[in-house]
Every structure is written in C-alpha cells, then in structure tokens.
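Residue numbers start from 1 in every chain, and the chains themselves are labelled A, B, ... in the order their sequence lines are given, proteins ahead of strands. As the structure is a computational prediction, the values presented were derived from the model and not from experiment.
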There are 2 protein chains.
Amino acid sequence: MSADESVNKVGVELRLGPVSCLVLGMIGLRGPSTPYDLKKAAERSVSYFWPFPHSQLYGEPERLAKAGLLSREDEYGGRRRKRYALTEAGRKTLVTWLQVPPDDIFEMHDMAVLQLFFGEFMTEQELSALARKQANLYRSRLETYASIEVANGKRIDRTRRMAPLRLGIRLAEACRDFWDEIADDPPP
Amino acid sequence: MSADESVNKVGVELRLGPVSCLVLGMIGLRGPSTPYDLKKAAERSVSYFWPFPHSQLYGEPERLAKAGLLSREDEYGGRRRKRYALTEAGRKTLVTWLQVPPDDIFEMHDMAVLQLFFGEFMTEQELSALARKQANLYRSRLETYASIEVANGKRIDRTRRMAPLRLGIRLAEACRDFWDEIADDPPP
DNA sequence: GTACGCATGTAAACGGTTACATGATTTG
DNA sequence: CAAATCATGTAACCGTTTACATGCGTAC
C-alpha cells in the first residue's frame, strides 16, 4: 500500500491535512471567515461526504495563522470573534495543494457492510432488518441531498462545488438499491 | 448527529470497536487463527472496503483474550505463534453485536472529492488530470475486484461474504463513470 | 552458510472525537 | 429578567498510524 498522499508538507515543518485544506479552501471561497462561519458552511456542504466536528475548525485556523497562511483580525466587544483571511502565502499553498492529485480512492469503513460480511452468523430476519434499516437511512439521506439541490437552484447545478453532491447522490442511490435487494432476497 | 453506534460495550468495561468485530468475525469464519492468519485473510477480503493495518491485528486479539472472548494457545518452537480461538462468550458477543444494526451510513472522506469541491482554484487542465487519474485508479481497483471474483469462482457468488464485494464493484463503477464524465467535460 | 524476504511483534506520536465549560444573544 | 439556546472555545482521552525492531524460513 502506498504512503498517505493526502498529507503534504509546506515550508519547514507544517502538516497540511484534510482539515487544513478545508479551512484554506473554505476561506478562499467565502472570503474572511470566523470559525463559526466555517462550521456553518461546512455543515451545509462538505459535511455530507465528510463531516468535520466543529472543534477542529477552531483549532486549525490558529495553526495556519501561526504558519503565515492566514491573517487574523480580532473583533472587540460582543462575541469577540476572530476572523481569518487568506494571505498570499495561504492562497499559494491552496492552489499548490490542488495541483497534486491524490493517489488513492475512498475506503468505505462501513459498519453495516462489515456486518453483512459476517452475515453467516445472522438469521435471515436479522439480515433483512439490517438491510431495510440501511436502505431507509439512504432514502432519508437522499431527501437531504434533494433539498440541498433545490436550495441551490437547478440553474447552477453544473458548477464544480456542486459536483460532489451529484456523486453523493449516485453513491447513495447505489447503496439504497443494494440494500433493498438484500432485504427483498437475502442471500443464503 | 447521533452517537457512534459502531461501538458497543459488553460486560463491565470492554469497548467493542471495528477491529474487535473484525477479529471476532474472522476467527468465527476461519476457526482458530494466528494474527498473521487474520492479516492475510483481511487483506484478501475486507481490506478492499476497509483496510486494517496489521499492527492492530496483533494487539486486539490479546485484549479480547484478556476479556475472555478468545482463548489462546501458544506454539512452541519455530515461530512460536499465538493461536486464538473463539470462546463461547466470544461467539455470543459476536452474534449479539450482529443483532444491532448501525444507525449511520458511510462517509466518503475522499481527498479527490474535496479537491473537486474546491475546483474553482484549479485550471481546467488540472481538473481533467485529477479526474483522469481517479478514473484510472478506479479502473484498476475494478480489475482487482474482478480477479477476486474469479478466484472465488462464480458459483458461490451469491453468498453473504461475497455481497460486500458486489457493492464495492457498483460503487467503484459509479465513481469511475463520474470521474470519466468530469474528465471529458469539466464543469466551468 | 549467508542473504533476502517473510512473519511477528511493540510502542511512540499523531490526529480526531468526545466532553465539558462558559459567555452572548434571543425569546417569552 | 429568566430561561433557553446559540456561539465559542479548550483539553483530555482514545484509537490509528507509523516506524522501528528482530527472529525465522528458505533459496541459492
């Protein structure tokens, strides 16, 4: 198996992991943002194929600021939030990162599939129950996707930011169908 | 977001995570096994939707043995390996775990998709390169899947252990097609 | 018999998750 | 103005990954 290409280094000793890229990218798209802005934005978009807990979105910007990739502006009074913006170095780092395509593809890490793999220890009823539940979870996920699509309007459907959603839909449909088939006709 | 249902507790203070289940399940399927057996078995099957590093397969059996879910038999001379077998408690724990279907569905955690999401910072060439590379990675993954299928013979295709592979194939095909489309016709 | 690779194992370091904690704003 | 909820943040914990380390089998 190959080394993890999802992690790049920049300058002297700075790890750039998924969270770093999310933060740089989000600020790039949205302009100057507070951690809470990032949290909200991520929840509305990226989180449907990759949910990041909010705690990461508070720590990471500070790290990137110390490395000179973000600038920070503090608000006085009220919530006293910190607003981060891309520096020139930050933008450079972002586009450079985007120039290196990853060497690997996704891994499912799916508990339900693991259970199915060990399905020989399950009764037919248990297997069907598992399959129906999964299929329904995918159905509600698909509803969520649909509402995101309409919220963004069909017109801008073909944008790059929306492409991951279209992939998510196809995969969720495939999973829904798969589990439906298992539920209808459990393998021996 | 709901609590992580992939982790169950049994008895007093024993975490049952994905690795525990893999170990219990694999030993259930194969009979008494050494950690190396588990490693090899996992590589040939489960690893294509969930790769576990071998170091986990050495530590975990010992934990489970201490908890009484596995029995251990040491080999003298030669490699002096440790062979673990399911105890009655272990088998019970396994089937009990399998009776609780997970509450959540898979998350992609896919770097390439994250890059696509931030594709506004990429040139059309970079985007196409990313897409072609991903599509090819999925193609070779599909070849691997195909060889697994023939290795197991078409006859036992419809078994439960093989079902995850069929899902993997569908998903990989969906991803391959998706990236092919992006490569052929990059969104603006 | 020696060199190479396979098999086996351990543990430090890293990153992510969980849980807690608290001040700010809104609502009734 | 009290209560509830939103917004913000911190840090310990826990599992995974990475890296190292070394003994055994085998091929030449």
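Residue Lys39(B) has no polar side-chain atom (N or O) positioned under 4.0 Å from OP1 or OP2 of dG9(C). For the pair Gln56(A) and dT17(C), the criterion of a side-chain N or O lying under 4.0 Å from OP1 or OP2 is met.
Distance Glu43(A) CD to dC6(D) P: 11 Å, rounded to the nearest Å. Distance OH (Tyr58(A)) to C1' (dA19(C)): 16 Å, rounded to an integer number of Å. For the pair Trp50(A) CH2 and dG16(C) C1', the computed distance is 12 Å after rounding to whole Å. In this entry the distance linking CG of Leu38(B) with C1' of dT8(C) reads 13 Å, nearest Å. The CZ-P distance, from Phe52(B) to dT17(D), rounds to 9 Å in whole Å. Straight-line distance from the CG atom of Leu57(A) to the P atom of dG9(D): 12 Å, rounded to whole Å. For the pair Leu22(B) CG and dG15(D) P, the interatomic distance rounds to 16 Å; values are reported in whole Å. Atoms CD (Glu62(A)) and C1' (dA11(D)) sit 16 Å apart, rounded to a whole Å.
With respect to the salt-bridge test (charged N to carboxylate O, under 4.0 angstrom), the residues Glu43(A) and Lys40(A) do not qualify. Residues Glu60(B) and Arg63(B) are paired through a salt bridge, judged by an N-O separation under 4.0 Å between the basic side chain and the carboxylate.
Between Phe106(B) and Tyr138(A), the ring planes lie tilted relative to each other; the angle falls in the 30° to 60° range. Between His54(B) and Tyr58(B), the ring planes are perpendicular. Angles over 60° get that label, and only those under 30° would be called parallel.
Annotation: of the two residues near DNA chain C, His109(B) and Lys40(B), the 5′-most nearest-nucleotide partner is Lys40(B). Both Thr34(B) and Val19(A) sit near DNA chain C, but only Thr34(B) has its closest nucleotide nearer the 5' end. Residues Ser55(B) and Arg63(B) both approach DNA chain D. Their nearest nucleotides, taken by heavy-atom distance, put Arg63(B) toward the 5′ side.
Among Arg158(A), Arg170(A), Arg166(A), the single residue meeting the salt bridge (Lys or Arg N to Asp or Glu O under 4.0 Å) criterion with Glu181(B) is Arg170(A).
Which of dG15(D), dT18(C), dG9(C) sits closest to the side chain of Arg15(B) comes down to dG15(D). Comparing atom distances between the His54(B) side chain and each of dT16(D), dT8(C), dT17(D) picks out dT8(C) as nearest.
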